[in-house]
Number of protein chains: 2
Amino acid sequence: MYDLYVVTDEKLSRGLTHAEIARRAVAGGADVIQLRDKDKSSRELYEIACEMREICRGRALFFVNDRLDIALAAGADGVHLGQDDLPVDAARRLAPQNFLIGISVGNADEAAVAKSAGADYVAVSPVFSTPSKTNAGIGHGISAIQEIRAAVNCPVIGIGGINADNAAELIEAGLDGIAVISAVVSAPDVTAAAQNLSAIIRDAKELRA
Amino acid sequence: MYDLYVVTDEKLSRGLTHAEIARRAVAGGADVIQLRDKDKSSRELYEIACEMREICRGRALFFVNDRLDIALAAGADGVHLGQDDLPVDAARRLAPQNFLIGISVGNADEAAVAKSAGADYVAVSPVFSTPSKTNAGIGHGISAIQEIRAAVNCPVIGIGGINADNAAELIEAGLDGIAVISAVVSAPDVTAAAQNLSAIIRDAKELRA
């Protein structure tokens with residue numbers, strides 16, 4: 001469900017818009033697309049989210065970062081929250097029952113709190129230090145993945161410094177999915193990069209099974 | 001209902017927090033308090049909004065600027081939208097029936113569109129050019145107030161460059177309420193400034209009646 005999770009970022013995309021990144025990543029087999037943009041006005045975000053909603057419909061889950069209002073207004077499948085965003089329980093109270101809520105966590109305690117507050121998945125963030133999010137902090141590494149994996153019974157994905165070279169070992173370490181920004185968004189061929197990562201994740205899951 | 005409408009701004013407040021501005025303005029008779037902050041994280045905004053919700057309860061209406069999710073999560077009375085924020089109709093679909101939606105407009109057309117989309121009030125913005133919002137543009141003046149007043153049958157308030165010297169003439173021109181930032185927020189005595197403006201508005205309304 002969350003195997004390959006692509007977070008869009010126009011600043012890292014070689015000129016592609018959020019919608020175009022989504023279109024190409026979905027064509028390459030991305031399972032989830034998340035719109036993330038901290039600079040645009042609410043109106044711009046809403047319009048982009050509505051377009052991405054249609055691109056993803058029936059092909060990938062569509063999430064919006066941080067802005068629950070934009071996510072709900074655009075009919076997204078879910079919202080992805082950080083530790084500095086709305087608390088999960090507050091978001092859960094506002095959202096319809098089948099609306100998905102994911103949250104970034106840094107350790108097993110944060111994961112357990114988020115899960116009991118109603119999170120549908122947790123994202124270990126960052127797994128490795130990463131240039132895509134300069135404020136994301138030092139990577140938590142594979143040991144954190146294993147601790148978080150043991151602490152919660154919901155899907156655990158990872159984000160931060162993940163690419164085609166290290167994705168397989170993270171799946172082996174227990175991740176249910178891999179979230180990437182630059183490994184797909186900055187690739188010369190977004191669709192091919194998504195296809196390649198998708199295959200790596202699928203193969204690693206088969207080996208693990 | 002919207003007679004004196006105070007928009008909080010920590011950058012213009014001589015060091016007072018949003019909550020402290022609200023507390024003092026409410027003590028001075030403000031009818032509406034709006035939390036406006038474009039810099040804080042969603043979590044910070046949510047926590048401030050929850051505190052302001054309690055300060056205003058039973059004493060003043062409490063609005064949040066732009067962020068419908070924060071407004072709904074904190075149990076605010078309403079959201080104030082700009083032309084660059086979520087469209088009114090999208091916000092209306094997400095909000096409970098008695099939740100208030102206000103919107104900034106610059107002319108009668110925008111006011112009519114907002115009203116038919118479900119706005120509860122419109123705010124002529126800016127009435128005069130103002131240093132509080134450097135991107136707010138050139139003031140629309142008293143003629144715009146009269147055109148907008150004639151175009152819609154909901155409350156019309158004004159914001160931008162309004163103070164104790166010009167509030168009375170704007171009420172005479174047809175405004176139902178006066179929204180201010182610096183005229184209250186930057187005053188040496190926030191409570192006294194609110195009391196003074198409140199009395200001016202009340203007197204001007206009595207003269208008009």
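Every chain is numbered from 1, with letters handed out A, B, ... down the list of sequences.
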Under 4.5 Å to a heavy atom of chain B? For A:Leu68 that would be both
Comparing B:Leu45, B:Leu81, B:Leu72 against chain A, the one with the most heavy-atom pairs below 4.5 Å turns out to be B:Leu72
In terms of heavy-atom contacts, A:Asp66 and B:Ser42 come closest through OD1-OG, 2.7 Å
Taking every heavy atom of A:Asp69 against every heavy atom of B:Leu94, the minimum-distance pair comes out as O-CD1, 3.6 Å
### Query
Is a donor on one side and an acceptor on the other found under 3.5 Å between the side chain of A:Arg43 and the backbone of B:Asp84?
no
Greatest number of non-hydrogen atom pairs under 4.5 angstrom with chain B, of A:Lys40, A:Arg93, A:Gln83, falls to A:Gln83
Per-residue tally against chain B (heavy atom, under 4.5 Å) across A:Ala73, A:Ala91, A:Ala90, A:Pro87 peaks at A:Pro87
